[in-house]
2 protein chains.
Amino acid sequence: MGSATEQAATLLPDSGDQVGVLAKFFRALGDPTRLRLLEFLLDGEHSVSDCVAHVGLSQGRVSTHLACLADCGYVRARRHGRWNYYCVTDPRVAELVTLARALATDNCAALSGCERIDAAGDSA
Amino acid sequence: MGSATEQAATLLPDSGDQVGVLAKFFRALGDPTRLRLLEFLLDGEHSVSDCVAHVGLSQGRVSTHLACLADCGYVRARRHGRWNYYCVTDPRVAELVTLARALATDNCAALSGCERIDAAGDSA
DNA sequence: CGATCGTATCCGCTAATGCGAATATACTGG
DNA sequence: CCAGTATATTCGCATTAGCGGATACGATCG
């Protein structure tokens, strides 16, 4: 876990448009619905219908969100007849969410008060 | 202002909202400009003017972005006279970026092709 | 004290994006 | 085959949010 410091050189923004791709990657988790779906899938494999029931949004929207998460590499789809099952295969995804949650929790107060980014579901 | 304990009741409404806050946290890194600024500050402490010169955007925009990153707990500001210096204090921030970059790199192809999230500066 | 520099905030504009509803596609069962 | 189910895609709409430019604020210098 202590290898982050020595990799500081690779963090430099001289990698060209890699910043844009990374931003895209982060933005995929910047939506409450997708984040809720991802955490639901971290719990185990679920079909699209299950996800629809879980988040309570329209089927089309959920399908798009899941495809988005799959494109970004967070989840993987497994077709079985009419059903499409999604799940998280890379354990680093759980690591990422856990680490981010720890950081967010430590700054929860300031985060909630940050009006520069809309809450988008933040219930006062 | 009341005590920290008193604020906790208002700032931590219920555990279910944690998803919204976490999404906010991720969205802060979902913008290429903020991500570039964060990586610039991972390199060391820099003033707002330095950041403006680095990213090449208007001073007002950069100032807002930096304040946003500070609100989310990614960076910290240090006033010295007229100048305001920003830097990353929490080593977990570097961890988070490193982990995310590793994941994004492994799915770079699919990520670039994901049209469900706009590239926003993503190009060759 | 008045001029200037560094920074923060405000304002309109425009592009990005999440939403539901409608529709298309794919597969299964009778 | 045709009906039905599960999922994917498209469309119009409303909101979010990043952008530059103008301006306000605070500190320093002459």
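In what follows, chains are A, B, ... by sequence order, proteins preceding strands, each numbered from 1. Keep in mind that the numbers below use all heavy atoms, side chains included, and drop hydrogens, waters and symmetry copies.
- Rounded to whole Å, the distance from CZ on A:Arg82 to C1' on D:dT7 is 11 Å.
- For the pair B:Lys24 (side chain) and A:Pro32 (backbone), a donor-acceptor distance under 3.5 Å is absent.
- One interatomic measurement links the two molecules: CZ of A:Arg36 to C1' of C:dG18, which rounds to 13 Å at whole-angstrom precision.
- Relative ring orientation between A:Tyr85 and A:His80 is described as tilted, the plane-to-plane angle lying within the 30° to 60° band.
- In the set D:dG18, D:dG20, D:dA6, the nucleotide with an atom closest to the side chain of B:Ser58 is D:dG20.
- Here the SG atom belonging to B:Cys108 is positioned 10.0 Å from the CG atom belonging to A:Leu22, to the nearest 0.5 angstrom.
- For A:Gly81 and A:Asp31, each mapped to the nucleotide of DNA chain C holding its nearest heavy atom, the one lying further toward the 5' end belongs to A:Asp31.
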N/O-N/O pairs, protein side and nucleotides 8-10 of chain D side, under 3.5 Å:
{"from": "D:dA8", "atom 1": "OP1", "to": "A:Asn84", "atom 2": "ND2", "distance (Å)": "2.6"}
{"from": "D:dA8", "atom 1": "OP1", "to": "A:Tyr86", "atom 2": "OH", "distance (Å)": "3.2"}
{"from": "D:dA8", "atom 1": "OP2", "to": "A:Ser63", "atom 2": "OG", "distance (Å)": "2.8"}
{"from": "D:dA8", "atom 1": "O5'", "to": "A:Ser63", "atom 2": "OG", "distance (Å)": "3.4"}
{"from": "D:dA8", "atom 1": "N7", "to": "A:Gln59", "atom 2": "OE1", "distance (Å)": "3.4"}
{"from": "D:dA8", "atom 1": "N7", "to": "A:Gln59", "atom 2": "NE2", "distance (Å)": "3.0"}
{"from": "D:dA8", "atom 1": "N6", "to": "A:Gln59", "atom 2": "OE1", "distance (Å)": "3.0"}

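- Look at CG on A:Leu29: it is 12 Å from P on C:dG18, rounded to the nearest Å.
- Summarising the geometry, the separation between CD1 on B:Ile117 and P on C:dG18 is reported as 7 Å, rounded to the nearest angstrom.
- In this entry the distance linking OH of A:Tyr85 with C1' of C:dC27 reads 13 Å, nearest Å.
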Checking salt bridge (charged side-chain N to carboxylate O under 4.0 Å, His left out) for the pair B:Arg92/A:Asp106: CA distance, chi angles, key distance, verdict?
-> CA-CA 11 Å; B:Arg92 289 176 297 175; A:Asp106 288 358; 2.7 Å; yes
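- For B:Arg116, the CZ atom sits in a packed shell: over 12 heavy atoms of surrounding residues, nucleotides or ligands are nearer than 6.0 Å.
- The NE2-C1' distance, from B:His46 to C:dG6, rounds to 17 Å in whole Å.
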Step by step, work out the ring-ring contact (aromatic ring centres under 6.0 Å, His included) result for A:His46 and A:Tyr86.
-> CA-CA 6 Å; A:His46 293 286; A:Tyr86 285 88; over 10 Å; no
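- Between D:dG20, C:dT7, C:dA16, one nucleotide has an atom nearer to the side chain of B:Ser47 than all others, and that is C:dT7.
- Comparing A:Thr33 and A:Trp83 by the nucleotide of DNA chain C whose heavy atom lies nearest to each, the residue mapping closer to the 5' end is A:Thr33.
- Here D:dT16 presents its P atom at 16 Å from CZ of A:Arg27, a figure rounded to the nearest Å.
- Taking side-chain N and O atoms only, A:His80 has no distance below 4.0 Å to OP1 or OP2 of C:dC27.
- Without hydrogens or angle criteria, B:Arg34 side chain to B:Arg27 main chain gives a donor-acceptor distance under 3.5 Å.
- Rounded to whole Å, the distance from CG on B:Leu69 to P on D:dG18 is 11 Å.
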